[in-house]
Student: 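Below you will find the structure I want to go over with you.
Everything quoted here is computed from the prediction, not taken from an experiment. Values reported hereafter were calculated over all heavy atoms of this structure, with side chains retained and with hydrogens, waters and symmetry mates removed.
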Amino acid sequence: MKKLLVVGAFFLGLVSMNAQTKEELQTQKAEKQAAADALQSEANALQAQIDALPGWRKGLFGTIGGSISNFSNWYSQGTPNNSSGNIGISLNAYANLIEDKFFWRNSLTSNLNWVKLDNKDNPNDDDSFNPTTDVFNISSLYGRNITKNFAVSGLAEYRTTLLDNFNDPGYLDVGVGGTWTPLENLIVVVHPLNYNFVFAENDAVFQSSLGAKIVADYTRQIGAVSFKSNLSTFQSYKSGDLSNVTWTNSFSYTLWKMIGVGFDFGLRSNKQEALNYELGQYDPLALPLQAVPTFGNVDNKLQSYWLLGLSYNL
């Protein structure tokens, strides 16, 4: 009986010591965490002061998505023997020079996508990767500060495709006006004097004109999240048929070092591109009763794309 009591007392003491040790360790951890949080807060404040200093701000992030597949004797589908693949790459880069009296903001956005479908039962089919999404945009904005949040500015912006029909069409906007920065990462450009140069082989559809250029751009990084939203629109003074608008968005969440998950999507409305496409599809011999596509009867559908995949952040 005495031995049992001694053993019981020993175990009770051991449990008590372990509980006490755990409580002490938790208390020490809480103290260290509080000190670390205080130091991190000071480090964040110092970084904010560094970011506010005049000089260059540079960054790059994007998304890489892709998939491959192979089917053999999969009879439930139309092409039982095939291999397919999809590759997509997006890029968002900026280099901004911010000074007390002026700024020079430069950005590049690109989204490229390739798709292939190889029907192994058809030796004459196209088994190469063909471009689908094809977006390229580069811009340069210079401004002289009038007030803290407003500047007189000049903008040059060029948009085209890289993989297919390079510079056909291509758009070059050159204009002057004002730039408003209501928030640190939000840029709003309003240029009432802007000329939209359009480069294309079909000059009967694509026309250059004078108009107003409006751009809104929000680029920011918060911890592991990077995102960019850009709205660019041209309103022609000559005709609404020559106006266009493009809205692109990129999101990236870093999971490990520079690698994470990214999502991109974009919208565009351009009546000149819609008419040019419909004219390319029009065959008066096949459809003799169909009206010839014109600006008056073309269906200017909203264009869109999206990409989901791995992201990178440099």
Student: Among residues at least two apart in sequence or on other chains, which ones pass side-chain hydrogen bond (donor to acceptor under 3.5 Å, both in side chains) with T27?
Tutor: none
Student: F199: what forms a ring-ring contact (aromatic ring centres under 6.0 Å, His included) with it, not counting sequence neighbours?
Tutor: none
Student: Please identify each residue that fulfils side-chain contact (heavy atoms from CB on, under 4.5 Å) with K120, with sequence neighbours left out.
Tutor: N70, N81, S83, D118
Student: Between E273 and R268, does a salt bridge (charged side-chain N to carboxylate O under 4.0 Å, His left out) hold up when you go through it step by step?
Tutor: CA-CA 10 Å; E273 294 177 353; R268 176 187 289 173; 3.5 Å; yes
Student: With S252, which residues qualify under side-chain contact (heavy atoms from CB on, under 4.5 Å), at least two apart?
Tutor: F61, S226, S311
Student: To the closest 0.5 Å, what do you measure between CD1 (I138) and CG (L172)?
Tutor: 11.0 Å
Student: Return yes if some donor-acceptor pair links the side-chain N/O of S239 with the main-chain N/O of D241 below 3.5 Å, else return no.
Tutor: yes
Student: Is there a path of hydrophobic side-chain contacts, each under 4.5 Å between heavy atoms, that joins F150 and V176?
Tutor: no
Student: Just checking, is any N or O donor in the side chain of T133 or N111 under 3.5 Å from an acceptor N or O on the other one?
Tutor: no
Student: For a 4.5 angstrom cut-off between non-hydrogen side-chain atoms, does L186 reach E184?
Tutor: no
Student: Within a strict 4.5 Å, meaning less than it, do heavy atoms of the W114 and N86 side chains meet?
Tutor: no
Student: So T160 and N167, side-chain hydrogen bond (donor to acceptor under 3.5 Å, both in side chains) or not? Walk me through it.
Tutor: CA-CA 5 Å; T160 187; N167 204 41; 4.5 Å; no
Student: Going by distance alone, is a donor N or O of one side chain under 3.5 Å from an acceptor N or O of the other, for T233 and W247?
Tutor: no
Student: Excluding sequence neighbours, so at least two apart, what forms side-chain contact (heavy atoms from CB on, under 4.5 Å) with S236?
Tutor: S209, F234, K238, L242, S243
Student: Please identify each residue that fulfils ring-ring contact (aromatic ring centres under 6.0 Å, His included) with F103, with sequence neighbours left out.
Tutor: none
Student: Does N185 reach the side chain of T219, with side-chain heavy atoms less than 4.5 Å apart?
Tutor: no
Student: Distance from L117 atom CG to S84 atom OG, nearest 0.5 Å?
Tutor: 6.0 Å
Student: Among side-chain atoms of N149 and T147, is any donor-acceptor pair under 3.5 angstrom?
Tutor: no
Student: Going by the rule side-chain contact (heavy atoms from CB on, under 4.5 Å), which residues pair with T161 if we only count those two or more places apart in sequence or in a different chain?
Tutor: D134, N165
Student: Mind checking ring-ring contact (aromatic ring centres under 6.0 Å, His included) for F166 and listing every partner two or more places apart, or none if nothing turns up?
Tutor: none
Student: Who passes ring-ring contact (aromatic ring centres under 6.0 Å, His included) against W306, sequence neighbours left out?
Tutor: none
Student: Who passes side-chain hydrogen bond (donor to acceptor under 3.5 Å, both in side chains) against N113, sequence neighbours left out?
Tutor: T132
Student: Do you know the tightest heavy-atom contact between P131 and D164?
Tutor: CG-CB, 4.2 Å
Student: Can you tell whether the side chains of K213 and E157 come within less than 4.0 Å, N to carboxylate O?
Tutor: yes
Student: In Å and rounded to the nearest 0.5 Å, what is the CG to OG1 distance from D217 to T179?
Tutor: 11.0 Å
Student: Does the side chain of R159 come under 3.5 Å of the side chain of N244 through a donor N or O and an acceptor N or O?
Tutor: yes
Student: Does N297 reach the main-chain N or O of T294 with its side chain, forming a donor-acceptor pair under 3.5 Å?
Tutor: yes
Student: Compare all side-chain heavy atoms of V189 with those of L141 and state whether any distance is below 4.5 angstrom.
Tutor: yes
Student: Could you check whether any side-chain N or O of Q235 sits under 3.5 Å from a backbone N or O of G240, counting only pairs where one atom can act as donor and the other as acceptor?
Tutor: no
Student: Can you tell if the side chain of L267 reaches within under 4.5 Å of the side chain of Q303, non-hydrogen atoms only?
Tutor: no
Student: Between F102 and L97, is the side chain to side chain contact (heavy atoms under 4.5 Å, CB included) condition met? List the steps.
Tutor: CA-CA 8 Å; F102 71 92; L97 177 61; 3.9 Å; yes
Student: Is the ring pair Y158/F136 parallel, tilted or perpendicular, if the boundaries are 30 and 60 degrees?
Tutor: perpendicular
Student: Do S232 and N230 meet the criterion of a side-chain donor-acceptor pair at a distance under 3.5 Å?
Tutor: no
Student: List the steps, then state whether side chain to side chain contact (heavy atoms under 4.5 Å, CB included) holds for D121 with N119.
Tutor: CA-CA 5 Å; D121 297 325; N119 184 352; 3.6 Å; yes
Student: Might you point out which heavy atoms bring S110 and L162 nearest each other, and give the distance in Å?
Tutor: OG-CD1, 4.3 Å
Student: How far apart are the closest heavy atoms of R105 and I98, and which atoms are they?
Tutor: NH2-CD1, 3.6 Å
Student: Verify the distance criterion only: is there a donor paired with an acceptor across the side chains of N300 and S269 at less than 3.5 Å?
Tutor: yes
Student: For N145 and D100, indicate whether the former's side chain and the latter's backbone hold a donor-acceptor pair under 3.5 Å.
Tutor: yes
Student: Nearest 0.5 Å, please: how far is OG in S153 from CH2 in W180?
Tutor: 14.0 Å
Student: Any side-chain heavy atom of K116 sitting closer than 4.5 Å to one from I87?
Tutor: no
Student: Can V198 be reached from V205 by stepping across I, L, V, M, F, W or Y side chains whose heavy atoms are under 4.5 Å apart?
Tutor: yes
Student: Kindly state whether the ring of F251 and the ring of Y253 have centres lying under 6.0 angstrom apart.
Tutor: no
Student: How long is the gap from CD1 on I89 to CG on D264, to the nearest 0.5 Å?
Tutor: 11.5 Å
Student: So do the side chains of Y94 and L60 get within less than 4.5 Å of each other, counting heavy atoms only?
Tutor: no
Student: Determine, step by step, whether S140 and N106 satisfy the side-chain hydrogen bond (donor to acceptor under 3.5 Å, both in side chains) criterion, reporting the C-alpha distance in whole Å, the side-chain angles of both residues, the deciding distance to 0.1 Å, and the verdict.
Tutor: CA-CA 4 Å; S140 183; N106 305 277; 2.8 Å; yes
Student: Quick one, N124 and N122 - any side-chain contact, counting heavy atoms below 4.5 Å?
Tutor: yes
Student: Do the two ring centres, one from Y218 and one from F227, sit under 6.0 Å apart?
Tutor: yes
Student: Please assess V292 against Y282 for the test side chain to side chain contact (heavy atoms under 4.5 Å, CB included), listing each intermediate value before the final yes or no.
Tutor: CA-CA 7 Å; V292 178; Y282 176 69; 3.5 Å; yes
Student: Can you list the residues that meet the side-chain hydrogen bond (donor to acceptor under 3.5 Å, both in side chains) rule with S72, with sequence neighbours excluded?
Tutor: none
Student: Partners of N96 by side-chain hydrogen bond (donor to acceptor under 3.5 Å, both in side chains), sequence neighbours excluded?
Tutor: none
Student: Which distance, rounded to the nearest 0.5 Å, do you find between the CG of L112 and the OG of S90?
Tutor: 9.0 Å
Student: Evaluate side chain to side chain contact (heavy atoms under 4.5 Å, CB included) for L155 paired with D173, printing each intermediate quantity in order.
Tutor: CA-CA 8 Å; L155 172 69; D173 282 290; 5.7 Å; no
